[in-house]
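Presented below is the structure to which this report refers.
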Amino acid sequence: MKNFYLEIKHVCKQSGARYGILHTPHGSVETPIFMPVGTLATVKYLSPEELKDMNAGIILSNTYHLWLRPGEEVVYQAGGLHKFMNYDGPILTDSGGFQVFSLSANRKISEEGVMFRNHLNGDKMFLTPEKSIQIQNKLGADIIMSFDECPPYPVSHEYMKNSVERTLRWAKRGKEAHQRSENQALFGIVQGGDFEDLRKMSAQALVEMDFPGYSIGGTSIGEPKDVMYRMIDYSIKYLPFDKPRYLMGVGSYDAIVEGVLRGVDMFDCVLPTRIARHGALMTSKGRLNIRDKKNEFDFTSIDNECDCYTCKNYTKAYLRHLYKCDEGFGKRLLSIHNLRFLIRLTEQIREAIKQDRFLDFKNEFFEKMGLNDVNARGF
RNA sequence: GGAGGGGUAGCGAAGUGGCCAAACGCGGUUGACUGUAAAUCAAUUCUCUCUGAGUACGGCGGUUCGAAUCCGUCCUCCUCCA
C-alpha cells in the first residue's frame, strides 16, 4: 500500500540499529517508537491532548474489547476509531489473539477459530481470523494485526509446531478476508516460542505471504529476558530489512533498548500505564514506588531529568498523597510520567542511532540503571 | 434515682472455658505488575535475644489443671424510664 511504509533514514554504524520514519494514513512517526496502549479506545486516565503533548505517536486499541463494548458497529457509525475517540494520529489495533492467551481459562481453540466465554457475563463467543479482520476493518485503525494464538511459555515443541502452523493458516485466511488493504496495514505475527526452527518457519512463511509489516509475538509472557532476546533474534533474521518490525507487549526500558539493538522498530506495552496506576514509576535512577513512606516529606519531583508535565509541576509528597487517597488525578499524573519516560527514552535512542553511538548509549544507560545482569529486573 | 445493653489489637467488629496473639473489614508498611478481565494482586501489621518466649481482650481480685470467655467488685460509655 502506498500510504503505509517504513522509510529507513539511518542505520547506526556502531550497532546496526535503525532509525526511520513510518508513514501511515494518519501521519508519519519516527521509529523506533513506543506506543501507549488504550485498550478500550482510551489510554486510561489520559486525554488525546495529553498524549500529543508527550509526543506519543501511535496508540493501540483492542479488537476483542471493542467488539464486546461498544461493538464495532458503534465505532463504525461514529466514523471510525479516530473520530470516535478523537485521536487523529495513527492507531493500531490488536487482533484479540492475546486475549486467547490471557483469557485462556475459558477457551477452546480449533482450526476454525476460538470458542470462549467473555469476561463480562460469560456469554459464549466465537472469534475467527476472518471475524477479527472484519471487526478491525470496521474499527478503521491504520495498522491491524493478524489473529494469532499466543501459546504460554514454556510449551512443548510439538504443541508449538501445531500452533505456529495453525497461526500461519489463520494469517493467510485473515489476509484474504482483509477488505481495506489500501488504507489499513495488516501485520503478520511471528510465533514459535524459544524454538529457532519454528521462529524461522513462522517468519519465512509470513514473508512469503508478503505483509506490509511483521510483529514478533509470544514474548514478555513470563520467560526470562535472555530468552526473550533470543526469540527476537530467531525472528528478525528472517524478516525483510525494509519492513517495520513490531515487538508486541514489550515495554520495560531495558527490553526496549535490547530490542532496538536487535532491529525492532515498534513497541507497545501496558506496563507504564498499569504500574503508574499502581504507584510504580520509571525514573532515570530506576524504579520508584510513590506510595513508600520515604516520599512522605519529599518535595522534589519524581525524576529531575524528566521533562514531563508531572515532573515540571508536582512533588513526590503530593503524588504520594494523591495515590494514598486513591485520587484519579494522581493516576493520571503518574501515567503521564511513565509514558513520557518511555517516549523520551525512544527519542534519546533515535538520537543516538543518528549519531552512530547507540552501543555507547546502551552501555551508558544500563550502567546508569544498574542493569548489569541481563535478567535483572529493571522493569 | 430505676431498668437494660456495652467496654476486644491504630479504628470498626467477631469470638463467650482449652484448637485465641484472638476471624473479618478498614487503616499502616512493603513487594509485584510487560500485544490491559488490573483504581489489581500478594506479603506483612503487640514486643523481644523470634522454628522460642513475654505481655495482652476496661481495672483489681477470685473460681479452674486451664479464663477474652465463669464469679465478685470498681471504673466507664450508651439507650430508655423518673
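Order of the sequence lines fixes the chain letters, A, B, ..., with proteins taken first and strands second; residue numbering starts at 1 for each chain.
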Atom-pair distance ([atom1] on [X]; [atom2] on [N]), nearest Å:
| X | N | atom1 | atom2 | result |
| --- | --- | --- | --- | --- |
| A:Ile58 | B:rG35 | CD1 | P | 17 Å |
| A:Lys324 | B:rU29 | NZ | P | 3 Å |
| A:Glu149 | B:rG35 | CD | P | 17 Å |
| A:Ile275 | B:rC33 | CD1 | P | 8 Å |
| A:Tyr64 | B:rU36 | OH | P | 12 Å |
| A:Ile33 | B:rG35 | CD1 | C1' | 15 Å |
| A:Leu66 | B:rG35 | CG | P | 16 Å |
| A:Glu223 | B:rC33 | CD | C1' | 15 Å |

>> Can you give me the closest heavy-atom contact between A:Lys131 and A:Trp67, atom names plus distance?
In response: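 Nearest pair, atom of A:Lys131 first, then A:Trp67: CE-NE1, 3.6 Å.
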> What's the shortest heavy-atom distance between A:Asn55 and A:Arg340, and which atoms?
Replying inline: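 A:Asn55 and A:Arg340 have their closest heavy atoms at CB-NH1, 3.9 Å.
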Using a cut-off of strictly less than 4.0 Å, decide whether [X] has a side-chain nitrogen or oxygen near OP1 or OP2 of [N].
| X | N | result |
| --- | --- | --- |
| A:Asn289 | B:rG31 | yes |
| A:Lys294 | B:rU29 | no |
| A:Ser220 | B:rU34 | no |
| A:Ser102 | B:rA37 | yes |
| A:Asn62 | B:rG35 | no |
| A:Gln99 | B:rG35 | no |

Regarding [X], tell me which of base, sugar-phosphate or nothing describes its non-hydrogen contacts under 4.0 Å with the strands shown.
| X | result |
| --- | --- |
| A:Ile189 | base |
| A:Ala280 | base |
| A:Arg320 | sugar-phosphate |
| A:Thr273 | base |
| A:Gly122 | nothing |
| A:Gln191 | base |

> Which comes earlier along RNA chain B counting from the 5' end, the contact point of A:Ile221 or that of A:Glu296, where each point is its nearest nucleotide?
Replying inline: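 Nearest-nucleotide comparison on RNA chain B picks A:Glu296.
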>> Quick check on RNA chain B: between A:Met145 and A:Asp292, whose nearest nucleotide comes earlier from the 5' end?
In response: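 Looking at RNA chain B, the more 5' nearest nucleotide goes with A:Asp292.
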> How does the hydrophobic cluster around A:Leu40 look, that is, which other residues are in it when side-chain heavy atoms under 4.5 Å mark a link?
Replying inline: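 ILVMFWY cluster around A:Leu40 holds nothing else.
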>> Checking one residue: A:Tyr153. Which other hydrophobic residues are in its cluster under the side-chain 4.5 Å linking rule?
In response: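 Taking Ile, Leu, Val, Met, Phe, Trp and Tyr as members, A:Tyr153 shares its hydrophobic cluster with A:Phe98, A:Phe101, A:Ile221, A:Val227, A:Met231.
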Taking only the [atom1] atom of each, what is the distance from [N] to [M] in whole angstrom?
| N | M | atom1 | value |
| --- | --- | --- | --- |
| B:rC65 | B:rU49 | P | 37 Å |
| B:rC48 | B:rA42 | C1' | 27 Å |
| B:rU47 | B:rA9 | P | 15 Å |
| B:rG58 | B:rC78 | C1' | 15 Å |
| B:rU29 | B:rU79 | C1' | 40 Å |
| B:rG18 | B:rC26 | C1' | 31 Å |
| B:rA68 | B:rG4 | C1' | 23 Å |
| B:rG62 | B:rG52 | C1' | 32 Å |

Is it true that [X] and [Y] make a salt bridge, defined as a side-chain N closer than 4.0 Å to a carboxylate O?
| X | Y | value |
| --- | --- | --- |
| A:Lys316 | A:Glu296 | no |
| A:Glu258 | A:Lys225 | no |
| A:Arg180 | A:Glu182 | no |
| A:Asp233 | A:Arg199 | no |

>> I want to check something: taking the side chain as every heavy atom from C-beta on, are A:Leu66 and A:Ser61 in contact at a cut-off of under 4.5 Å?
In response: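 Answer yes - side chains close enough.
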> Is NZ or CZ of A:Arg18 both nearer than 6.0 Å to the six-membered ring centre of A:Phe241 and within 45° of the ring axis?
Replying inline: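 Ring-cation test returns yes.
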>> Given the ring of A:Phe366, does A:Lys362 sit roughly above its face, with NZ or CZ under 6.0 Å from the centre of the six-membered ring and within 45° of the axis?
In response: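 Yes - A:Lys362 lies over the ring of A:Phe366, closer than 6.0 Å to its centre and within 45° of its axis.
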Could you run down the sub-3.5 Å N/O contacts of the protein with nucleotides 9-12 of chain B?
none

> A:Asp142 and A:His26: side-chain donor and acceptor closer than 3.5 Å?
Replying inline: yes
>> Treating A:Glu196 as the side-chain partner and A:Tyr234 as the backbone partner, does any N or O pair qualify as donor plus acceptor under 3.5 Å?
In response: no
> When Watson-Crick pairs (N1 to N3 and N6-O4 or O6-N4) and G-U wobble pairs (N1-O2 and O6-N3) count only below 3.5 Å on both distances, what is the dot-bracket string of RNA chain B, with | for other-strand pairs?
Replying inline: ((((((((.[[[..)..(.....]]]((((((.......))))))(((...)))...[[[[[..)....]]]]]))))))).
> Who are the side chain to side chain contact (heavy atoms under 4.5 Å, CB included) partners of A:Glu351, not counting sequence neighbours?
Replying inline: A:Lys354, A:Gln355
Got a list of protein N/O to nucleotides 38-40 of chain B N/O distances below 3.5 Å?
from	atom 1	to	atom 2	distance (Å)
B:rA38	O2'	A:Arg277	NH1	3.1
B:rA38	N7	A:Arg274	NH1	3.4
B:rA38	N7	A:Arg274	NH2	2.7
B:rA38	N6	A:Arg274	NH1	3.3
B:rA39	OP2	A:Arg277	NH1	2.7
B:rA39	O2'	A:Asp326	OD1	3.1
B:rA39	N7	A:Tyr45	OH	3.3

